[in-house]
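Since we're looking at a predicted model, the values are computed, not measured.
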Amino acid sequence: MRPVPLAVGRSVPRRDAAAKVTGAALYTDDLVVPGAWHGVTVRSAEPRARLIAIERDPAFDWSQVVFLTAADIPGENVVALLTDDQPVLVADEIRHVSEPVALIAAPDIETARAARDATRLRTEPLPPVLDPLASERTIARYEIVRGDVDTALAAADLVIEGTYRVGHQEQLYIEPQAMIAVPRPEGGVTIHGSLQCPYYVHTALGRALGLDPARIVVIQEETGGGFGGKEEFPSGLAIHASMLALRIGRPVRMVYDRHEDIVATTKRHPAVVTHRTGVMRDGRLVAQDIDVVMDAGAYTTLSPVVLSRGALHAGGPYLCADVRIRARAMATNMPPNGAFRGFGAPQTEFAAEMQVNRIAEALGISPAALRRRWAYRAGDATPTGQVLKSSVAAVEVLDRAVEASGFEQARAARSDHRGVATFAGHEGAVAPDGVAVVGGGPRFARGIGLALGWHGAGFTGSGEAYLASIAGVDLTAAGSIRVLTDSTEIGQGSRTVLAQLAADALGVPVDDVEVAPIDTSVVPNSGPTVASRTTMIVGALVMRAAERLRAEVEARTGRPFADSYAADVRAHGPARVDERFAGFPGIEWDAERYRGDAYPCFSWASAVAEVDVDLDTGEVAVRSVVQAVDAGRIVNPVLAAGQVEGGTLQAVGYATIEEMKVADGRFLNDRLATYVIPTALDAPRIDALFVEAPFLDVPHGAKGLGELPMDIPAAAVVTAIHDATGAWIHDLPATPERVLAAILAAEEAGA
Amino acid sequence: MTTGMEPIRFTVNGRPAAVAVPGGRRLLDVLRIDLGLTGSKEGCGEGECGACSVLLDGVVVNSCLVPVCQAAGHEVRTVEGLAADGRLHPLQAALLETGGVQCGICTPGMLMAGVAFLDAGAAGSTPANVTPMDAAIREAISGNLCRCTGYARIVEAIRLAAEGRVGAIAAPGSNGAMAAAPADGMSAPVAPLHATDVPGAERDPGRAISGDPGADSPRTLAEAYALLAEGGRRPLAGGTDALVQQAAGVARASRFLDLSALAELRGIRLDGDALILGASTTYAELRRSPLVAEHAAVLAELAAVVGAAQIQVRGTLGGNIATASPAGDSLPVLLALDAEIVAGSPRGERTIPAAAFFPAYRRTALAADELVLRIRVPVVPHRTVAFRKVGTRRAQAISVVVIAVAWHWDDGHWRDVRIALGSVAPTPIRARATEAILEGSAPTAEAAALAATTLAAEIAPIDDVRATAEHRRAVAGRILHRIIRDAAGW
Ligand SMILES: Cc1cc2nc3c(=O)[nH]c(=O)nc-3n(C[C@H](O)[C@H](O)[C@H](O)COP(=O)(O)OP(=O)(O)OC[C@H]3O[C@@H](n4cnc5c(N)ncnc54)[C@H](O)[C@@H]3O)c2cc1C
Ligand code: FES
Ligand code: FES
């Protein structure tokens with residue numbers, strides 16, 4: 001028999017692609033469910049109020065619908081997650097706009113909507129808290145201290161301060177939230193949905209429905225994007241659909257339209273990050289004092305974990321002896337924020353990288369040279385005292401991005417006419433009401449910006465040990481090989497990558513490996529599909545399970561697995577091996593003191609962005625982004641590049657046009673016409689480059705990749721805007737409005 | 001004339017289909033629910049995402065904005081119809097090859113936009129033989145949002161297909177084919193594409209939408225007037241405003257008066273010293289009309305920055321005018337060109353200057369029984385017209401400021417100056433004070449600066465979700481300054 005070529009490292013075609021290009025792939029709303037009723041949600045209109053009564057218009061014929069309130073919840077009124085503070089339906093106090101208060105189902109969608117329109121909430125308004133800085137309720141708080149930052153700041157030649165504000169960002173998966181609940185004959189419920197974490201949904205259903213977990217089945221249908229937006233949110237929706245379905249005894253379909261999806265689902269946490277950085281004139285970094293405040297919104301959701309990751313990444317990938325990072329997530333009466341690709345790191349790394357670029361300017365040192373000097377090397381310790389033992393490629397990715405983008409040459413070519421100088425010599429004209437109007441310089445200015453970042457792979461601290469994920473590989477009675485995990489395919493390619501890893505461990509062609517459908521009655525709990533953990537953690541478990549299965553079969557047959565497994569199934573019947581996560585050697589975390597090994601390893605990235613700024617309007621065209629990434633061994637180059645390209649564009653949108661406008665606790669731009677994301681014409685050329693520094697404690701050497709590309713391009717873009725215009729912008733997004741205001745200020749200063 | 005429930009017949013992927021549904025039902029719902037073709041997806045229902053894109057007579061449209069009455073007698077092509085003879089369409093194969101598919105929800109729509117682009121290029125029907133360059137491809141798919149890929153691999157796939165560099169790939173099981181049409185031409189309920197855990201699955205009647213508006217599609221203007229006079233009907237041309245408002249519940253019509261079959265509202269012609277544009281002229285038609293290119297090229301320029309492909313092929317000048325949005329991009333151009341709007345009713349026709357057509361926020365000079373018939377644009381030799389749209393992004397953007405400036409050169413001076421703007425006041429406006437400054441003046445730096453500051457003070461923008469008033473004032477002044485400066489060449 002010919003040797004089987006290794007699958008890992010090859011761009012094995014994506015498994016789900018053929019069905020997706022023919023239209024055969026079935027997403028939740030594509031399922032035909034005869035007899036299903038339609039569910040809709042009655043939502044609050046105020047950020048905070050006491051719910052006095054739910055009034056139903058007597059003119060409406062209520063006999064045609066089913067109407068449920070908090071009193072109808074069979075189990076506990078909680079959407080179970082980290083804490084139990086979020087109700088399934090408001091029972092007493094409304095805590096944010098668009099909070100679910102009641103559920104309605106009808107045989108057709110029109111009737112359900114008409115019933116919703118005939119429902120009024122009688123409330124008594126309460127004073128809302130809308131500013132996290134004014135909030136007195138802390139959802140989570142961390143302090144990470146190393147050395148003595150106050151003394152170090154006092155001794156520094158220069159202390160540079162900066163405050164950076166970032167707003168909400170909407171995940172904007174193109175498939176809105178969708179869930180179908182089907183009552184099971186024996187009294188339970190089956191969920192078909194668009195979701196990332198089947199066992200989150202499973203657990204939450206058990207609590208709220210008061211059902212034996214054995215009677216709950218969660219099936220993930222093809223999912224049209226998640227990015228974190230289908231991590232925790234679907235749990236509540238699945239409960240809603242199930243409550244209605246169990247009450248009626250029929251399937252219930254709940255599919256949000258885009259408007260409801262934007263107003264009611266979680267967003268990336270807004271944050272205010274303040275830095276005080278001590279440096280010496282020769283460029284040494286001596287102190288980092290960082291304060292992070294995140295707006296959690298009305299309920300805890302995942303905010304403590306998001307904040308934790310934000311805090312742990314807040315200093316950037318730089319060695320500093322004296323560091324203090326204080327972080328808190330505050331409760332407000334905004335809709336709760338939640339998971340979104342990057343999970344707290346994009347907010348704090350934006351601030352960290354802006355700060356480094358401003359320091360480089362203040363010191364007159366190239367931002368690349370300064371980073372090369374500060375960046376972590378193997379053996380360095382992070383602020384939590386984690387010694388970075390191996391797989392530390394900060395300098396390598398930096399050099400790769402700087403070189404491939406021609407960063408230094410571009411800077412040198414522009415150094416003579418960069419910044420405010422662009423406007424020198426032109427009289428600014430001011431309109432009668434004081435609006436500065438005219439610059440008089442050239443229309444476009446080009447600039448380039450650099451950033452460096454890191455991303456801890458997998459769950460923070462003891463998270464993975466606590467989860468104790470299980471993944472399996474089995475030989476079915478029919479003689480096929482199946483990978484068993486609950487890791488969901490949400491576009492990132494997990495179905496393909498897990499098959500590649502199993503194939504190599506078994507020594508079989510990748511096409512011989514099936515990946516079991518995501519159905520909690522079939523697959524074990526391998527943890528949520530989040531935190532860039534699927535390839536690194538679950539993939540390693542799959543490989544270990546596969547290796548054990550292979551050894552088992554080979555011991556029985558005395559021949560290579562590939563040649564003998566079919567015969568083995570015939571002779572001995574099906575076989576299954578499960579592998580449970582058992583920790584990484586030498587990784588220890590003290591969650592009380594926030595000390596120790598925060599992550600088993602880190603991935604690294606460096607981004608260079610080039611922009612053209614329209615000086616008349618403040619519009620920014622991002623021309624190119626070069627992003628060099630170390631995510632360890634690359635399992636599938638095309639899929640990996642796709643992750644970098646897509647993540648980079650989300651970061652470009654975050655940097656430039658994606659602004660969620662808020663007033664009185666309400667999202668104002670609640671349509672795709674007003675919450676704009678980049679089109680193909682807004683997208684820059686994106687070059688994804690890989691540096692491979694394998695992580696040696698997993699058999700495949702792969703680290704986390706999915707979130708990393710989102711972490712730092714925003715800082716590169718905003719610094720490029722500065723390079724072009726001389727104007728520093730501290731807030732995200734750098735909308736034309738903010739850019740033009742900064743240009744006008746620079747013009748006035750230069751005039 | 002069709003009554004609401006006579007079957008509406010058209011072809012889908014080459015096979016006859018007939019559906020007895022209200023004519024105002026969205027083509028997307030007919031495909032997905034009535035015909036069981038769920039390949040076309042819904043990401044917004046408002047024309048913004050392109051996930052629902054299908055081909056209507058070979059042209060890419062958002063099926064969420066097409067009332068099914070407008071598909072009657074036409075040919076619809078969906079993603080399910082791309083693979084043929086057991087082989088994937090070259091663009092499907094190319095997407096597999098480049099890795100342009102991730103979550104896949106945008107893929108069907110992307111494919112249809114890409115196929116429209118490829119077919120247009122092959123047929124040479126697009127202006128100047130579109131070269132499948134990056135920019136042209138990106139423009140062609142700029143009405144299709146993808147949140148996963150960053151677009152690069154999709155663009156690459158379209159390029160490969162355009163250059164004929166894709167290997168043949170066999171189609172996986174032909175799951176998407178429609179059920180055979182029975183002899184009477186009525187489509188039988190399609191067998192479910194996916195058996196759920198409910199045994200004996202069949203079509204899902206609960207998804208049929210009861211509240212869809214009906215539609216009448218008159219063949220003659222007289223018929224249209226008669227129906228309009230009866231009341232209870234809302235005119236509909238391309239539907240790109242009307243169906244969005246329907247979805248958002250802002251202006252719900254119980255019945256549409258579909259104007260698309262009225263020949264009187266179509267066509268572009270030259271009549272003496274005026275260019276006559278039928279009310280149903282689409283942006284795509286403006287972009288490719290040689291008459292427009294010769295006599296009012298700015299109309300083609302503006303049409304190119306309206307929405308994206310799917311909006312340009314459906315949206316009409318008449319619809320833009322009748323909607324009378326302060327952000328309607330054609331309106332400042334019509335104002336600057338001294339255009340006139342010809343309205344008609346059973347009482348006859350009347351001609352209204354564009355400058356008098358928009359009395360108040362989203363109001364027009366039309367009477368309830370009147371239709372916009374055509375637009376008259378005077379052809380003025382040697383007129384220079386500059387146009388600029390500043391939007392929220394580079395395609396599919398609502399305007400933050402639109403400006404159109406027209407003038408004559410007279411020995412180094414500007415004459416007959418017209419400056420019109422959108423999105424800076426409750427209606428599209430002429431900036432008369434600023435015009436007065438430039439009228440008869442040479443475009444000097446001083447004049448430009450004064451004009452810019454005057455304009456910033458003269459307009460009356462508001463803060464809204466796109467921009468603040470202050471930003472709009474500054475932008476309006478600065479782009480006018482730039483237009484003057486570029487024209488003067490200093
Ligand atoms: C995604 C998207 C992007 C868009 N981008 C832009 C843009 O960039 N710039 C822009 O200006 N607009 C834009 N629009 C709005 C819209 O496309 C335009 O206003 C378009 O010109 C409307 O034409 P229509 O034929 O589709 O109008 P319809 O929707 O058919 O009709 C609009 C209104 O006009 C009335 N009407 C139509 N024809 C007549 C007639 N002959 N006589 C009397 N009344 C009539 C209808 O009753 C209705 O009230 C966009 C819309 C969408 C959905
Ligand atoms: S569903 Fe988004 S454009 Fe039609
Ligand atoms: S592949 Fe997911 S939206 Fe395009």
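No side-chain donor from either of Thr223(A) and Lys230(A) sits under 3.5 Å from a side-chain acceptor of the other. Using modelled atom types, one finds no donor on one side chain facing an acceptor on the other under 3.5 Å when comparing Thr496(A) with Arg15(A). In this structure, a donor-acceptor pair under 3.5 Å is absent between the side chains of Arg341(A) and Gln169(A). If you check the side chains of Glu645(A) and Thr149(B), you find no donor sitting under 3.5 Å from an acceptor.
Heavy atoms closer than 4.5 Å to chain A are found in both the backbone and the side chain of Leu145(B). Proximity to chain B is absent for every atom of Ala741(A), based on heavy atoms less than 4.5 angstrom apart. Residue Pro176(A) touches chain B through its side chain alone, counting heavy-atom pairs closer than 4.5 Å. Only the side chain of Asp614(A) comes within contact range of chain B, with at least one heavy atom under 4.5 Å from a heavy atom of that chain. In this structure, chain B has a heavy atom under 4.5 Å from the backbone of Ala25(A), while its side chain stays farther away. Within the 4.5 angstrom heavy-atom criterion, no atom of Thr648(A) approaches chain B. Only the backbone of Gln171(A) comes within less than 4.5 Å of a heavy atom of chain B; no side-chain atom from C-beta onward does. Interface remark: Val244(B) contributes side-chain atoms only to the contact with chain A (heavy atom separation under 4.5 Å). Heavy atoms of Leu455(B) lying under 4.5 Å from chain A are absent altogether. Only the backbone of Thr98(B) comes within contact range of chain A, with at least one heavy atom under 4.5 Å from a heavy atom of that chain. Only the backbone of Ile490(A) has a heavy atom closer than 4.5 Å to any heavy atom of chain B. The contact between Ala135(B) and chain A is made entirely by backbone atoms, counting heavy-atom distances below 4.5 Å. At a 4.5 Å heavy-atom cutoff, the contact between Leu681(A) and chain B is made by backbone and side-chain atoms alike. The parts of Asp682(A) that come within reach of chain B are both its backbone and its side chain, each placing non-hydrogen atoms under 4.5 angstrom from that chain. Neither the backbone nor the side chain of Asn144(B) comes within contact range of chain A, judged by heavy atoms closer than 4.5 Å. Both the backbone and the side chain of Gln92(B) come within less than 4.5 Å of a heavy atom in chain A. Residue contact with chain A, scored on non-hydrogen atoms closer than 4.5 Å, is absent for Glu97(B). Neither the backbone nor the side chain of Ala83(B) comes within less than 4.5 Å of any heavy atom in chain A.
The candidate from Glu737(A), Glu175(A), Gln492(A) with the greatest count of non-hydrogen atom pairs under 4.5 Å with chain B is Glu737(A). For chain B, the option among Ile174(A), Leu649(A), Val638(A) with the highest count of heavy-atom pairs below 4.5 Å is Ile174(A). The greatest number of non-hydrogen atom pairs below 4.5 Å with chain B, out of Ala673(A), Ala18(A), Ala19(A), is found for Ala673(A). When each of Thr674(A), Ile677(A), Ile686(A) is checked for heavy-atom pairs under 4.5 Å with chain B, Ile677(A) comes out on top. Taking Val676(A), Val620(A), Asn669(A) one by one and counting their heavy-atom pairs under 4.5 Å with chain B, the maximum is reached by Val676(A). The candidate from Asp16(A), Ile180(A), Thr617(A) with the greatest count of non-hydrogen atom pairs under 4.5 Å with chain B is Thr617(A).
Note that the OH atom of Tyr256(A) and the OG atom of Ser194(A) stand 12.0 Å from one another [nearest 0.5 Å]. Within the model, atoms OG1 of Thr453(B) and NE2 of His481(B) stand 9.5 Å from one another, a figure rounded to the nearest 0.5 Å. In this structure, CZ in Arg394(B) is found 12.5 Å from NZ in Lys389(B), a value given to the nearest 0.5 Å. Between atom CZ of residue Arg443(A) and atom CZ of residue Arg485(B) there is a gap of 11.0 Å, rounded to the nearest 0.5 Å.
Of the charged side-chain nitrogens involved, at least one lies within less than 4.0 Å of a carboxylate oxygen, so that Arg393(B) and Glu48(B) count as a salt-bridged pair. In this structure, Asp29(A) does not pair ionically with Lys41(B), as no charged nitrogen and carboxylate oxygen lie closer than 4.0 Å. Salt bridge status for Glu170(A) with Arg671(A): absent, with no side-chain N to carboxylate O gap under 4.0 Å. Ion pair Glu619(A)/Arg388(B) flagged as a salt bridge, since at least one NZ, NE, NH1 or NH2 atom sits closer than 4.0 Å to an Asp/Glu carboxylate oxygen.
Proximity of Pro108(B) to Ser40(B): side-chain heavy atoms (C-beta onward) are nowhere separated by under 4.5 Å. With a 4.5 Å cut-off on side-chain heavy atoms, Asp616(A) and Val475(B) do not count as touching.
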